Amino acid sequence: MMRAESSEVLGSFDSLVERHYQPLFRFAVSLCGAPETAMDLTQQTFYVALRRQGQLREPSKFKSWLFSILFREFLQRRRHLKRFHHHSLEDCERELPNVAPDDVNRLDASAVREALQSLDEPFRAPLELFYVHDLSYKEIAARLGVPVGTVMSRLSRAKRMLRERLETNLRPKPKP
């Protein structure tokens, strides 16, 4: 009996997808400009709609509900991309440190932890809040009671100091 009910829901959902896919896709293209991204957004929209179909109170508003989901997904992706910029490896290859395989073997979590703990609190706290606790600059500023610009400055300096300390630890030790 359960199987018949779920196939009924999926059957009707399939027809809803057929009916609404093209308008949603066109809307997604108009938002993001890239057909590949628009396809992903449209598929994500239907995935979210299927997962949350019990939350739809008025079935007559299904189409506008789908458009709302798509728009929210678009905004969420845009916020994510603003925070975590995507760069191709080729574009930023010259900025990457030159790390030999032996260096990787010597660098472990305890070395990173030790280098992080060696930073003064004003630099360690924003670094941990940003990378470990995934807080935004504004959230860090509020938690530490400092301006956003100070958070950005401290993060920049903390990353540089951490990098320098890790590089110092990676340098080959002179043989006695």
Side-chain angles (χ1 to χ4, degrees), residues 5-101 103-104 107 109 112 116 126-144 146-160 162-163 166:
E5 287 175 12
S6 65
S7 67
E8 247 179 66
V9 169
L10 289 176
S12 64
F13 194 79
D14 284 345
S15 66
L16 291 170
V17 169
E18 264 184 54
R19 186 171 345 138
H20 299 292
Y21 186 88
Q22 286 303 319
L24 276 174
F25 177 73
R26 284 192 299 272
F27 180 56
V29 169
S30 74
L31 290 174
C32 60
E36 299 82 18
T37 306
M39 283 175 34
D40 290 345
L41 273 172
T42 306
Q43 290 175 5
Q44 181 67 18
T45 298
F46 284 112
Y47 170 74
V48 170
L50 184 58
R51 258 190 38 233
R52 297 182 184 165
Q53 64 185 342
Q55 295 177 358
L56 180 62
R57 293 188 184 109
E58 296 181 46
S60 63
K61 295 186 177 183
F62 183 76
K63 184 176 180 179
S64 62
W65 184 59
L66 285 174
F67 278 86
S68 296
I69 292 171
L70 189 137
F71 188 66
R72 275 189 241 112
E73 289 295 318
F74 168 74
L75 292 176
Q76 184 178 359
R77 283 182 187 216
R78 197 168 79 185
R79 280 190 300 268
H80 180 80
L81 286 174
K82 276 186 180 179
R83 188 164 180 195
F84 303 102
H85 299 286
H86 176 75
H87 300 286
S88 70
L89 192 55
E90 294 80 28
D91 292 343
C92 57
E93 190 172 0
R94 66 183 175 280
E95 296 174 27
L96 295 173
N98 212 356
V99 180
D103 294 340
V104 173
L107 182 64
V112 174
L116 184 60
L127 203 61
E128 287 181 0
L129 291 171
F130 187 76
Y131 289 106
V132 177
H133 299 285
D134 202 30
L135 297 181
S136 69
Y137 292 158
K138 280 185 179 179
E139 293 168 324
I140 295 169
R143 187 167 288 183
L144 298 178
V146 297
V148 173
T150 302
V151 169
M152 294 168 65
S153 171
R154 286 182 184 174
L155 269 173
S156 176
R157 290 177 62 197
K159 287 189 285 187
R160 183 175 30 84
L162 187 63
R163 188 179 312 112
L166 289 171

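Being a predicted model, the structure only gives us computed values, none of them experimental. Excluded from the calculations below are hydrogen atoms, water molecules and symmetry mates; all remaining heavy atoms, backbone and side chain alike, are included. When a residue number appears, it is its place in the shown sequence, counting from 1.
- Residues Arg52 and Trp65 have side chains in contact (heavy-atom distance under 4.5 Å, counting atoms from C-beta outward).
- Residues Asp40 and Glu73 have side chains not in contact (no heavy-atom distance under 4.5 Å, counting atoms from C-beta outward).
- Taking each heavy atom of Leu41 and Cys32 in turn, the nearest pair found is CD1-SG, 4.2 Å.
- Atom CD1 of Ile69 sits about 10.0 Å away from atom CZ of Arg51, to the nearest 0.5 Å.
- Between Glu58 atom CD and Ser64 atom OG the span is 9.0 Å, to the nearest 0.5 Å.
- Among residue pairs with one or both ends in residues 16-42, those qualifying as ring pair (Phe, Tyr, Trp, His ring centres under 6.0 Å) are His20-Phe62, Phe27-Phe67; sequence neighbours excluded.
- Side-chain contact between Leu31 and Leu70: present, with at least one pair of heavy atoms (C-beta onward) separated by less than 4.5 Å.
- In this structure, Leu144 and Leu129 have side chains that are in contact, with non-hydrogen atoms separated by less than 4.5 Å.
- Checking side-chain atoms of Thr42 against main-chain N and O of Ala38 turns up a donor-acceptor pair under 3.5 Å.
- Contact between Val151 and Val146 at its shortest, heavy atoms only, is CG2-CG2, 3.7 Å.
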Worksheet item: When you look at Tyr131 and Lys159, which way does the side chain to side chain contact (heavy atoms under 4.5 Å, CB included) test go after all the steps?
Response: CA-CA 11 Å; Tyr131 289 106; Lys159 287 189 285 187; 3.3 Å; yes

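- Atom CE of Met39 is separated from atom OG1 of Thr37 by 10.0 Å, given to the nearest 0.5 angstrom.
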Practice prompt. Before giving the answer on side chain to side chain contact (heavy atoms under 4.5 Å, CB included), spell out for Leu66 and Leu16 the whole-Å C-alpha distance, their side-chain angles and the decisive distance to 0.1 Å.
Written response: CA-CA 10 Å; Leu66 285 174; Leu16 291 170; 6.0 Å; no

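- The number of heavy-atom neighbours closer than 6.0 Å to CZ of Arg57, taken from other residues, nucleotides and ligands shown, is 12 or below.
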Worksheet item: side chain to side chain contact (heavy atoms under 4.5 Å, CB included) between Arg154 and Ile140: does it pass, once the steps are laid out?
Response: CA-CA 11 Å; Arg154 286 182 184 174; Ile140 295 169; over 6 Å; no

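- Side-chain atoms of Glu139 and His133, non-hydrogen and from C-beta on, never get closer than 4.5 Å to each other.
- For the pair Ser156 (side chain) and Met152 (backbone), a donor-acceptor distance under 3.5 Å is absent.
- Within the 4.5 Å cutoff, the side chain of Arg79 has heavy atoms near those of the Gln76 side chain.
- Counting only heavy atoms from C-beta outward, the side chains of Val48 and Arg72 never approach each other to under 4.5 Å.
- More than 12 heavy-atom neighbours from other residues, nucleotides or ligands sit within 6.0 angstrom of CZ on Arg160.
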